[in-house]
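Worksheet for the structure shown next.
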Amino acid sequence: MNKTKILFVCLGNICRSPLANEVLQDLVNRANLQDAFEIDSCGIGAWHIGHLPDIRMRKEAKKHGLNLTHRARQIAKEDFAHYDLILAMDKANLSDLMRLCPAQYRAKIKLFRTFDLAADDNAEVPDPYYGGDEGFSNVYQMVERSCIELLRQHS
Ligand code: 4NP
């Protein structure tokens with residue numbers, strides 16, 4: 001079977017996109033659809049390459065029973081050909097991806113929260129990095145809603 005390959009992208013790959021990666025992977029595992037999906041995440045920037053997710057994001061994920069063990073990596077040219085769906089957390093990530101992406105693959109790139117049934121099509125997952133703990137729980141709620149709908153539409 002051809003796998004649906006999904007790549008989540010944020011700025012640092014230590015908060016939003018590794019969470020989305022794990023939330024979707026967990027939903028896929030629970031639905032026994034592991035063979036149907038390939039899921040990964042990456043960042044636009046290079047600052048955190050090799051790092052585990054931010055401790056605040058890991059603590060929030062843990063409250064929901066998820067362990068974040070992803071190691072940050074930066075987007076690579078080959079990602080645009082490889083993945084079917086490339087999901088940006090915010091509009092800055094979206095425009096960076098559009099700039100980096102070869103023209104023939106640009107239709108693969110979308111704002112992740114277009115899958116959030118509680119939000120309009122321009123909604124973003126805001127960067128929680130410089131804010132307080134409530135920013136991280138807010139990110140979790142948006143990510144979970146969006147992943148549920150994403151999986152519903154692709155399974
Ligand atoms: P993320 O959050 O894009 O959700 O991983 C950030 C993490 C680090 C930085 C910015 C955003 N930073 O500037 O180092």
Side-chain angles (χ1 to χ4, degrees), residues 4-28 37-64 66-151 154:
T4 301
K5 304 186 192 77
I6 299 173
L7 182 64
F8 293 104
V9 185
C10 61
L11 183 58
N13 195 212
I14 56 166
C15 298
R16 295 164 290 174
S17 64
L19 177 72
N21 187 344
E22 193 56 37
V23 167
L24 185 63
Q25 187 66 59
D26 183 61
L27 291 170
V28 162
F37 289 91
E38 179 183 324
I39 305 161
D40 196 14
S41 66
C42 68
I44 299 290
W47 313 285
H48 298 287
I49 291 172
H51 295 179
L52 281 170
D54 186 285
I55 186 68
R56 298 165 294 174
M57 196 76 262
R58 279 157 48 205
K59 281 186 176 160
E60 180 61 31
K62 197 76 182 203
K63 287 186 197 163
H64 302 272
L66 300 177
N67 269 324
L68 302 187
T69 58
H70 178 80
R71 293 284 175 169
R73 72 171 181 90
Q74 190 174 27
I75 184 101
K77 271 273 180 304
E78 308 78 68
D79 290 324
F80 296 110
H82 183 73
Y83 288 91
D84 303 309
L85 202 48
I86 299 172
L87 298 175
M89 293 293 146
D90 62 31
K91 291 175 194 165
N93 306 151
L94 184 77
S95 64
D96 285 337
L97 286 169
M98 287 296 190
R99 179 173 48 77
L100 295 166
C101 185
Q104 73 263 38
Y105 301 129
R106 284 193 190 127
K108 299 177 174 189
I109 303 172
K110 289 182 182 182
L111 268 179
F112 176 43
R113 283 189 80 198
T114 54
F115 292 100
D116 185 346
L117 297 177
D120 70 45
D121 277 355
N122 282 321
E124 305 176 285
V125 182
D127 187 346
Y129 191 67
Y130 294 106
D133 286 348
E134 73 288 352
F136 288 84
S137 57
N138 196 24
V139 162
Y140 184 90
Q141 298 304 326
M142 295 169 180
V143 164
E144 184 183 50
R145 280 199 305 270
S146 305
C147 283
I148 288 169
E149 177 61 13
L150 170 59
L151 182 58
H154 288 85

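Note that the coordinates shown come from a computational prediction; the quantities given were computed from them, not determined experimentally.
The nearest pair of heavy atoms linking L100 to I75 is CD1-CG2, 4.0 Å. Considering all non-hydrogen atoms of both residues, R113 and A119 come closest at NH2-CB, 3.4 Å. Heavy atoms only, all atoms of each residue included: F136 and E60 are closest at O-CG, 3.6 Å. Heavy atoms only, all atoms of each residue included: L7 and R73 are closest at CD1-NH2, 3.7 Å. Contact detail for F8 and C147: the closest heavy-atom pair is CZ-SG, 4.4 Å. A pairwise comparison of heavy atoms in K5 and D84 identifies N-OD2, 2.7 Å as the closest pair.
Remark: side-chain polar atoms of H82 are not paired, donor with acceptor, to backbone N or O of E78 under 3.5 angstrom. For D79 (side chain) and A76 (main-chain N/O), a donor-acceptor pair under 3.5 Å exists by modelled atom type. With K108 contributing its side chain and A81 its backbone, the two residues share a donor-acceptor pair below 3.5 Å. The backbone N or O of C101 sits less than 3.5 Å from a side-chain atom of R106, completing a donor-acceptor pair.
By the ring pair (Phe, Tyr, Trp, His ring centres under 6.0 Å) test, Y140 pairs with H64, sequence neighbours left out.
Atom CD in E22 sits 9.5 Å away from atom OG in S41 (nearest 0.5 Å). The distance from the CD1 atom of I148 to the CG atom of D116 is 10.0 Å, given to the nearest 0.5 Å. One distance of note links CD1 of I86 with OH of Y105; it measures 10.0 Å at 0.5 Å rounding.
Defined by atom type and a distance below 3.5 Å, a donor-acceptor pair is present between the side-chain atoms of N93 and D90.
With contacts defined as side-chain heavy-atom distances shorter than 4.5 Å, the pair Y83/E38 qualifies. Taking the side chain as every heavy atom from C-beta outward, L111 and K91 approach each other to under 4.5 Å. Using a 4.5 Å heavy-atom cutoff, the side chains of S17 and V9 are not in contact. Side-chain contact between L68 and L52 is absent, with no heavy-atom pair separated by less than 4.5 Å.
Residue pairs satisfying the side chain to side chain donor-acceptor pair (under 3.5 Å) criterion with at least one member in residues 120-129, sequence neighbours excluded, are absent.
Partner N13 forms a side-chain hydrogen bond (donor to acceptor under 3.5 Å, both in side chains) with one of H51, Q74, H48, H70 and no other, that one being H70.
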